[in-house]
Enquirer: 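Following this message is one structure expressed as structure tokens.
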Amino acid sequence: MNFQRLEHDLIGDRYVPAETYYGIHTLRAVENFPLSGIPISAHPEFVVALAEVKLACARANAGLGTLDAARERVIVAAADEVRQGLLHEHFVVDVLQGGAGTSSNMNANEVIANRALELMGRRRGEYGYLSPNDHVNLGQSTNDAYPTAAKLALHAAAGALLPAMGRLADSFAERAHAFADVVKLGRTQLQDAVPMTLGQEFTVFALTVRDDRDHLERAAGGLCEVNLGGTAIGTGLNAAPGFAGAAVRELAELTGVAVRPARDLIEATQGVGAFLYLASSLKSFAVRLSKICNDLRLLASGPQAGLAEIRLPALQAGSSIMPGKVNPVVPEAVNQVCFDVVGVEAAVALAGQSGQLQLNAFEPLMVHLLLTALNRLEHACDLLASRCVAGIETDAGRLLAFAEGSAVLATALNPVIGYHRATQVAQQSVAQGRSVREIVQESGVVPAAELADLLDPMRLVGR
């Protein structure tokens with residue numbers, strides 16, 4: 001029994017395993033790029049997007065009369081199976097590949113063609129009846145099909161991250177409400193500063209995440225401009241007249257995404273501005289989310305010799321030798337995701353500036369890294385919200401004692417006794433270990449009622 005089929009390309013003949021839906025081009029790519037060990041099927045959004053592009057193009061070509069109805073029917077059916085999650089195990093080329101994504105595009109063309117042949121009652125590899133290149137790839141080039149699919153996939157991944165960011169912001173906002181009346185010391189440069197509430201601190205965390213969510217939403221909108229129909233370099237060579245507009249309309253209807261034709265197909269084929277903007281927005285969020293995690297770890301430091309202003313949920317033993325130790329493991333894990341995303345932005349920037357003339361050959365790296373970053377940040381947001389922020393507690397009495405005992409409260413006396421005298425009070429407080437309130441009461445320089453008003457905790461926090 002023959003368990004292989006013979007296929008031919010411009011390099012020559014190769015036997016392809018009979019059970020596979022991919023073909024000779026994919027086989028060569030698997031051999032040529034044993035780099036990451038991560039197949040493109042590790043990004044199901046991307047495989048689905050490739051299928052959506054092929055399906056939309058088949059419909060557009062049929063509508064223009066360049067693809068017969070019989071072939072359209074089976075290509076659409078095969079592509080729709082891939083959209084539904086079938087055959088993904090046959091998308092086997094490495095995420096890192098030369099050729100500007102040609103191997104990924106041909107992997108899709110071959111899988112869809114061979115499944116379509118089966119639906120026609122033919123055997124896999126009988127490309128004389130239905131060809132990966134002449135029919136599935138009709139009116140397209142890798143250089144427009146691949147980035148269009150990439151943008152759809154990234155848009156889908158961003159669409160999953162955005163609500164996760166919203167859930168994280170809501171979690172911070174809920175804790176902010178719970179801590180609205182908990183007075184504490186602010187700190188600048190790790191030194192005591194004027195009082196605030198813990199609720200105000202958590203409100204800032206919520207606003208930070210919401211701001212970055214808005215930035216990401218704008219970046220996701222930029223992914224909707226596609227160069228489908230531009231073929232090799234954006235001139236539309238070999239695409240039927242009207243194909244670009246028809247294909248984009250079909251794609252929009254199919255996906256529900258408001259994709260639109262690029263303003264200039266040549267620029268859109270060589271330009272990677274949408275990828276760079278997305279990478280920048282993810283880096284901004286990663287940097288600011290990492291800072292929040294740093295704050296949470298610092299505020300929870302202790303529990304006896306640190307700040308211990310908040311208590312994070314105890315999730316697991318923190319040491320193999322120190323009994324009772326519990327570590328801030330969730331913020332630490334999220335920090336690491338953020339560090340990785342910062343590196344992604346650097347790699348995407350390097351790939352972006354390395355494109356030459358009418359094409360950027362390094363989009364596979366950009367797409368893999370950005371999809372990975374989006375997915376990891378989605379999981380990180382949900383993890384931080386559900387396993388950490390939602391369970392944060394505090395010791396209001398401890399925080400108020402810190403605030404009322406700080407020499408920095410002398411700042412509130414500036415308008416009454418002046419900066420110079422307030423400085424003396426602060427220095428005396430530190431040297432003697434006594435509160436500002438006690439020292440000023442003893443001196444009688446400020447009437448008791450006025451002093452009580454000046455040092456009222458709610459007044460100090462702007463309430």
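Just so it is clear, the values below take in all heavy atoms, side chains as well, and ignore hydrogens, waters and symmetry mates. What you are looking at is a predicted structure, and each value in this text was computed from that prediction instead of being measured.
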Enquirer: Just checking, any donor-acceptor pair under 3.5 angstrom between side chains of Asn133 and Asn109?
Expert: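 Side chains of Asn133 and Asn109: no pair found under 3.5 Å.
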Enquirer: Is the closest side-chain donor-acceptor distance between Thr269 and Asn143 under 3.5 Å?
Expert: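 Distance-only check fails for Thr269 and Asn143.
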Enquirer: Measure across Asn360 and Ser354 and return the closest heavy-atom pair with its distance rounded to 0.1 Å.
Expert: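 So the minimum-distance heavy-atom pair works out to ND2-C, 4.5 Å.
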Enquirer: Under 4.5 Å between any side-chain heavy atoms of Ser281 and Arg218, yes or no?
Expert: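 Not touching, per the 4.5 Å side-chain cut-off.
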Enquirer: Does a side-chain N-to-carboxylate-O contact under 4.0 Å join Glu201 and Lys184?
Expert: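 A salt bridge links Glu201 with Lys184.
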Enquirer: Hey, could you give me each pair passing ring pair (Phe, Tyr, Trp, His ring centres under 6.0 Å) that has a residue in residues 106-144? Not counting sequence neighbours.
Expert: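 Passing the test, one end in residues 106-144: no pairs.
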Enquirer: Will you find, in the side chains of Thr26 and Glu110, an N or O donor that is under 3.5 Å from an N or O acceptor?
Expert: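 There is such a pair (donor and acceptor under 3.5 Å, judged by atom type) between the side chains of Thr26 and Glu110.
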Enquirer: Inspect the contact between Asp170 and Arg210 and indicate whether a charged nitrogen and a carboxylate oxygen are less than 4.0 angstrom apart.
Expert: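 Asp170 and Arg210: salt-bridged.
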Enquirer: Looking at every heavy atom in both Ala58 and Ile75, which two are closest together, and how far apart are they?
Expert: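 Heavy atoms only, the tightest pair is CB-CG2, 3.8 Å.
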Enquirer: Do the side chains of Glu253 and Arg249 get close enough for a salt bridge, i.e. N-O under 4.0 angstrom?
Expert: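 Not counted as a salt bridge, because no side-chain N and carboxylate O are separated by less than 4.0 Å.
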Enquirer: Give a yes or no on whether the backbone of Gly230 and the side-chain of Asn227 come within a donor-acceptor separation of less than 3.5 Å.
Expert: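 Not a single qualifying donor-acceptor pair exists.
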Enquirer: Measure from the side-chain N and O atoms of Asp144 to the backbone N and O of Leu228, and report whether any donor-acceptor pair falls under 3.5 Å.
Expert: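 Not confirmed, Asp144 side chain does not pair with Leu228 backbone.
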Enquirer: Using only atom types and a distance under 3.5 Å, with no angle test, would you say the side chain of Asp94 pairs donor to acceptor with the backbone of Pro34?
Expert: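 Side chain of Asp94 to backbone of Pro34, a donor-acceptor pair under 3.5 Å: no, none is there.
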Enquirer: Taking Leu359's backbone N and O only, do any of them form a donor-acceptor pair with Glu363's side chain (distance below 3.5 Å, no angle check)?
Expert: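 No, Glu363 side chain to Leu359 backbone: no donor-acceptor pair under 3.5 Å.
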Enquirer: Could you check whether Glu31 pairs with Arg28 (Lys NZ or Arg NE/NH1/NH2 to Asp/Glu carboxylate O, under 4.0 Å)?
Expert: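 Salt bridge between Glu31 and Arg28, a charged N being under 4.0 Å from a carboxylate O: no.
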Enquirer: Before we go on, tell me: are the rings of Tyr146 and Phe46 under 6.0 Å apart, centre to centre?
Expert: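 Here the rings of Phe46 and Tyr146 have centres that are less than 6.0 Å from each other.
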Enquirer: State whether the side chain of Gln353 and the backbone N or O of Leu350 hold a donor-acceptor pair below 3.5 Å, judged by distance alone.
Expert: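 Checking the backbone N and O of Leu350 against the side chain of Gln353, a donor-acceptor pair under 3.5 Å is found.
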Enquirer: For Lys291, which residues count as a salt bridge (Lys or Arg N to Asp or Glu O under 4.0 Å) partner, sequence neighbours excluded?
Expert: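 With neighbours one apart ignored, the set is Asp295.
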Enquirer: Within the side chain of Asn327, is there an N or O that forms a donor-acceptor pair under 3.5 Å with the backbone of Val329?
Expert: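 Not at all, since once roles are kept as given, no pair shorter than 3.5 Å links the two residues.
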Enquirer: Which atom names give the shortest non-hydrogen contact between Tyr21 and Asn114, and what distance separates them?
Expert: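 Scanning both residues completely, I find the closest heavy atoms to be O-ND2, 2.7 Å.
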Enquirer: Side chains of Arg297 and Asn335, heavy atoms from C-beta outward: is any pair under 4.5 Å?
Expert: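 Arg297 vs Asn335: side chains touch.
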Enquirer: When you measure from the side chain of Asn107 to the backbone N and O of His90, does any donor-acceptor pair fall under 3.5 Å?
Expert: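 Yes: the side chain of Asn107 pairs with the backbone of His90.
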Enquirer: Do Glu225 and Arg263 sit within salt-bridge range, that is, some charged N less than 4.0 Å from a carboxylate O?
Expert: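 Result for this pair is yes, salt bridge flagged.
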Enquirer: On a heavy-atom basis, which atom in Leu298 and which in Leu307 lie closest, and how many Å separate them?
Expert: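 The answer is O-CD1, 3.5 Å.
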Enquirer: Ignoring hydrogens and angles, tell me if any N or O in the side chain of Ser171 forms a donor-acceptor pair with the backbone of Leu168 under 3.5 Å.
Expert: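 Absent.
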Enquirer: Whether the side chain of Gln336 engages the backbone of Glu332 through a donor-acceptor N/O pair (distance < 3.5 Å, no angle test) should be reported.
Expert: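 Yes.
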Enquirer: Over all heavy atoms of both residues, which pair between Asn375 and Ala157 is shortest? Give the atoms and the distance, please.
Expert: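 Residues Asn375 and Ala157, closest heavy atoms: OD1-CB, 4.2 Å.
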Enquirer: Between His88 and Val82, is there a donor-acceptor pair closer than 3.5 Å when you use the side chain of the first and the backbone of the second?
Expert: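 At least one qualifying donor-acceptor pair exists.
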